[in-house]
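Take a look at the structure set out below.
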Amino acid sequence: MKRYNPSEIEPKWQQVWEDQKANEVTVDASKTKMYVSGMFPYPSGAGMHTGHAFSYSITDALARFYRQHGYNVLNPMGFDTFGLPAENYAIKTGVSPAVATAQNIENFKKQFSRMGVSIDWSREISTSDPDYYKWTQWVFTKLHERGLAYQKESLQWWCPVDKTVLANEQVEAGACWRCGTQVEKKSMKQWFFKITDYADALLDGIEDLDWPQKIKTAQTNWIGKSVGAEISFAVSERDDSISVFTTRPDTIFGATFLVLAPEHPLVAELGVGDYKESLEEYVKDAIKRSEVDRMNESREKTGVFTGNYAINPANGEKVPIWVADYVLGGYGTGAIMAVPAHDERDYAFAEKFNLPIIDVIYTEERDDDPSYGAEGVMQNSGEFDGMSSADMREKIVEWLAEHGEATEKTTYKMRDWLISRQRYWGAPIPIIHCPEHGAVSVPEDQLPVVLPEIEDFAPKGDGKSVLAHAEDWVKTTCPTCGGPALRETDTMDGYACSSWYLLRYSDPHNTEKAWDSEAVNYWNPLDYYVGGDHAVAHLLYVRFWTHVFQDMGLVNFKEPIKKLIYHGYINAEDGTKMSKSKGNVIDPLDVIDQGYGADSLRTYLMFMGPIELNAAWNPKGIAGVYRFLNRVWTVAQQYVDATDRSVTKNDDAIRVAQHKTVRRVTDDIRRLSLNTAVSGLMEYTNELYKYKVDGFSDEVWREALMTIAQLLAPFAPHISEELWQQLGGEGLVQHNAWPQWDAALIVEETISIAVQVNGKLRGEISVARDADAETVKAAALAHENVARFVTTEPKKVIYVQGRLVSVVV
RNA sequence: GCGCGAGUGGUGGAAUUGGUAGACACGCUAGUCUUAGGAACUAGUGCCGUAAGGCGUGAAGGUUCAAGUCCUUUCUCGCGCACCA
């Protein structure tokens, strides 16, 4: 008997798939399409880790499952190649990012091949390939044309030692991540995408997405829609007013002071007399710190009085104007009316600085706590006393508008998407700055704006990308007037590059346009998107761009991803994250090399638990799966080697087990319960194992074993191909139909019924499948052990068809 | 703090619709055989108890003939957001 040897059969089938181009697909309107994709990887120098192996094993299982069902399956792969690691590596070693990236991609592709994933490599893309980023740039110009890409002065982190701009996540506790210097804020002109124009559309789209609730909630919160009012407060003894945003205009009679953010434009003018100096100092200090920092610090409120007053438009009361950093400059109007009786933050502030608190909403259950957000009956509110606060919310805005300025207003937490990066290794922003015409888009026929090759990748310390020093490249002519002009030297955020790659897979080599709409509309939207990261950013940006593309008539759908599979992490054996420093990293390629093979690795990853949960790697666990595949192998070999195939002893039982398993595995994969699909295959194998000692019949065993090859193929494709071939199957198992189950064969003649007495299990009876209720009840009561517990006439006997009898005494 | 999940044997987990809790796998125990093979096979394995039986799904209540599943309260852990007015 041949032994199961994955290191022999796996490379063999990988070669066959490659030679036959088994996974390449084209648009075919006569077939139902199925488009699945994992989130494309950043090809790091470290190669593939278990997270990748897990993610792509899920994707591949689905691709193979649907391919076997006869769908036209697109399972592509690409590489998210722009980004900081390659650039930092270049700064350190001088190896150009393009060269290092190409090597890493080669390595990743080898590793993908060894995993046995069924990818259509003819569609490979890489975001740093000029043939790709030409179209990323083209999208930028289209957004620019539509007013969705614009420039704005904005504050950026600046490290005075490294003399470079830092991203928010590169600032740790107010210090530069590299040198530890206290960072500063610097105002710079930056490019933004106007995602806020799509806030409502993106919010409305969330409801119908077949995505995990937590991702949908995360996106909803991120967009952060608030409906309220903007109300104007006149500044006392000044010809000025301060506009505030509130979601609770009904509490305006309780507004006892105003608070402005330190960034508020009026702050500079409001300081009066003795208060002026302390105000200036406070503002200077607050602006130095980021919003992020302010939030990380203790919630102890700080603030200063301006010495100035405003008039509450509801009751004409003079209310003091304060400045405090708990009010954010970037949200609403950067100013609030503080209602300490009904907002815990205002309450904390009022307590600390002894400001008046007026309770304007009465609720019965209210205790002494400041009643944050509660609805109730209005009081201390003039003519509105006794009314319901919820009912008056809109009325009071109308009333305020009659003798002042007040309008209904909706605000969002989401800000526009800042895409400028002062970095080399990214897609150049396709803009030319002309002294005459300003920022002009590079015309389509001059795209791509190719990233120039340079020698020195280290930032020069001027807050610009090193591209600014590639003088020949920077100096150009204005597309509008032909006069001398300069190129934009910032590159785009990598998220821009990954916001449309799922569309490019449909038509990856098109040199005329970003994609052909027929191809894109055939394959998209994506049926399954598999990943475990980017809950908000990437998954929101992809939606944003697709919404825009639909508005531009480039695609005929709004939402790019139908079903999102957001899987967990694979942790180390002790449940903590794998990390190089802890030395607990499991390298999936090592696992394959150890002799377990890719099939065991993949099947184990699917068997570990529900895909959406985190799981801890258990070296014993993969041994168990290897044992299972060995049993599959052994039982198949014993059939193949058998000289006598005339023993029909267990044929009926084998047939029942086979059809039950087909049904179960099919259902389980459909509902993405991959761990139970694998356990179903294990049970089936164990059962066949039991019967093999009695000997083999020909057709029944052959069919039973071919079925296992088919059902196992999504998880362990190599052994499945091998067994399929040994059993005389036609062609590749992955191109053969998924087995069907025959419902009639699964039905058993006698069924087992549990018997409970007062809710406790007391016995089990066997009855005919179609026995009527009275017969079953009688049989239940006749059961010896049941009778022991039923000493009086039962009060009630309930028969649940096909399941149990419940006797109540 | 707010939001979203999840708590089941020694371990990972199963139970699709309120209907036999613990499938499958790991580990462990005992045994068989040792063509020393990452062995294989057989039997057992929730807890207490010799048994009959009792107890048992984070905790406490409740609804029901019947609750891991539904309701109320509460605790713990994970993830996301985090002074957004």
Side-chain angles (χ1 to χ4, degrees), chain A residues 3 212-222 224-226 228 244-248 251 259 291-292 294-297 299 301 324-328 330-333 335-339 342-346 348-349 372-373 411-415 535-536 566 568-569 575 594-596 604 607-610 612-628 630-631 634 664 667-668 670-671 673 675-676 678-683 686 689 693 752-764 785 788 794-798 800-809:
Chain A
R3 280 200 32 225
Q213 189 53 47
K214 67 171 177 178
I215 308 294
K216 292 174 34 162
T217 308
Q219 296 213 348
T220 304
N221 291 342
W222 182 264
K225 181 175 181 167
S226 294
V244 302
F245 174 73
T246 177
T247 54
R248 294 296 302 275
T251 62
V259 187
E291 288 180 9
V292 176
R294 284 192 214 160
M295 293 178 297
N296 285 344
E297 282 164 15
R299 273 148 199 270
K301 297 275 182 293
D325 67 3
Y326 83 92
V327 174
L328 305 174
Y331 181 77
T333 61
I336 61 153
M337 63 178 210
V339 184
H342 305 290
D343 181 286
E344 57 183 359
R345 296 154 303 183
D346 297 344
F349 195 80
Y372 182 44
T411 63
Y412 302 86
K413 287 188 204 171
M414 184 169 68
R415 317 287 164 86
V536 175
Y566 203 75
Y569 295 111
Q594 277 164 34
Y596 286 120
Y604 173 56
F607 181 63
M608 288 175 90
E612 64 275 12
L613 259 48
N614 294 344
W617 182 267
N618 178 357
K620 296 278 176 52
I622 188 162
V625 170
Y626 180 73
R627 207 168 293 153
F628 155 62
N630 252 305
R631 288 159 75 89
T634 303
R664 176 170 167 189
D667 279 358
D668 282 354
R670 282 223 182 94
R671 65 189 179 95
S673 179
N675 56 332
T676 56
V678 174
S679 74
L681 287 166
M682 287 172 168
E683 281 181 63
N686 291 344
Y689 226 73
V693 296
S752 149
I753 300 288
V755 186
Q756 293 181 344
V757 180
N758 284 350
K760 285 189 166 54
L761 185 67
R762 295 300 180 193
E764 207 170 280
N785 196 47
R788 279 180 55 210
K795 290 199 190 97
K796 220 195 291 187
V797 181
I798 299 157
V800 182
Q801 178 63 38
R803 288 194 184 270
L804 59 67
V805 174
S806 181
V807 183
V808 190
V809 291

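If you're wondering where the values come from, they're calculated on a predicted model, not measured in any experiment. A note on names: the letters A, B, ... follow the listed sequences, proteins ahead of strands, and every chain is numbered from 1.
Taking only side-chain atoms of A:R788, from C-beta outward, the nucleotide of B:rG53, B:rA14, B:rU20 with the closest atom is B:rG53. In the set B:rA14, B:rA25, B:rC65, the nucleotide with an atom closest to the side chain of A:N675 is B:rA14. Distances from the side chain of A:K760 to the nucleotides B:rC81, B:rG54, B:rA25 place B:rG54 closest. Distances from the side chain of A:I798 to the nucleotides B:rA85, B:rC65, B:rA15 place B:rC65 closest. With distances taken from any side-chain atom of A:Y689 to the nucleotides B:rC24, B:rG13, B:rC41, the minimum falls on B:rC41. Minimum atom distance to the side chain of A:S679 is reached by B:rC24, of the listed B:rC65, B:rC24, B:rA15. If you check B:rC79, B:rA85, B:rC24 against the side chain of A:K214, the one that comes closest is B:rC79. Closest to the side chain of A:W222, from the set B:rC24, B:rA85, B:rC81, is B:rC81. In the set B:rU16, B:rA14, B:rG12, the nucleotide with an atom closest to the side chain of A:D668 is B:rU16. If you check B:rA85, B:rG13, B:rG80 against the side chain of A:A218, the one that comes closest is B:rG80.
Taking only distance into account, the side chain of A:T217 never meets the base of B:rC4 through a donor-acceptor pair shorter than 3.5 Å.
Put simply, CG on A:L804 is 11 Å from C1' on B:rG18, counting in whole angstrom units. Spacing between atom CZ of A:R803 and atom C1' of B:rA15 amounts to 10 Å, rounded to whole angstrom units. Between the CG atom of A:L681 and the P atom of B:rA23 there is a distance of 18 Å, given to the nearest Å. Rounded to an integer number of Å, the gap from CD1 of A:I215 to P of B:rC81 is 10 Å. Following rounding to the nearest Å, A:I753 (CD1) and B:rG19 (P) show an atom-to-atom distance of 15 Å. In this entry the distance linking CD of A:Q801 with C1' of B:rU17 reads 15 Å, nearest Å. Rounded to an integer number of Å, the gap from CZ of A:F607 to C1' of B:rA25 is 4 Å.
The phosphate of B:rA85 (OP1 or OP2) has a side-chain N or O of A:Y331 nearer than 4.0 angstrom. Of the side-chain N and O atoms in A:N686, one or more sit less than 4.0 angstrom from OP1 or OP2 of B:rA25. Distances shorter than 4.0 Å separate some side-chain N or O of A:R762 from OP1 or OP2 on B:rG54.
Where A:L761 and A:E683 each meet RNA chain B at their nearest nucleotide, the meeting point lying more 5' is that of A:L761. Positionally, the nearest nucleotide of RNA chain B for A:N785 lies more toward the 5' end than for the other of A:T247 and A:N785.
Taking atom C1' in both B:rG54 and B:rG49, one finds a spacing of 9 Å when rounded to whole Å. When the P atom is used for both B:rU45 and B:rC24, the distance is 12 Å, rounded to whole Å.
Both cation-pi conditions hold for A:K301 and A:Y326: the charged atom is under 6.0 angstrom from the six-membered ring centre and inside a 45 degree cone around its axis.
Counting heavy atoms from C-beta outward, A:V625 and A:Y596 have side chains that stay 4.5 Å or more apart. Taking the side chain as every heavy atom from C-beta outward, A:V755 and A:R762 never approach each other to under 4.5 Å. Using a 4.5 Å cut-off on side-chain heavy atoms (C-beta onward), A:S673 and A:R664 make no contact.
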Distances for protein N or O near nucleotides 26-28 of chain B N or O, under 3.5 Å:
{"residue": "B:rC26", "atom": "OP1", "partner": "A:R627", "partner atom": "NH1", "Å": "2.6"}

For this session: Evaluate side-chain contact (heavy atoms from CB on, under 4.5 Å) for A:Y604 paired with A:F628, printing each intermediate quantity in order.
Result: CA-CA 10 Å; A:Y604 173 56; A:F628 155 62; over 6 Å; no
For this session: Dot-bracket notation for RNA chain B is requested: 5' to 3', Watson-Crick or G-U wobble pairs only, both distances under 3.5 Å, with ( ), [ ], | and . as defined.
Result: (((((((..(((......[....)))((((((.......))))))(((....)))..(((((..]....))))))))))))....
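Counting non-hydrogen atoms under 4.0 angstrom, A:D346 reaches nothing in the nucleic acid.
The side chain to side chain contact (heavy atoms under 4.5 Å, CB included) test applied to A:Q801 returns A:Y799, not counting sequence neighbours.
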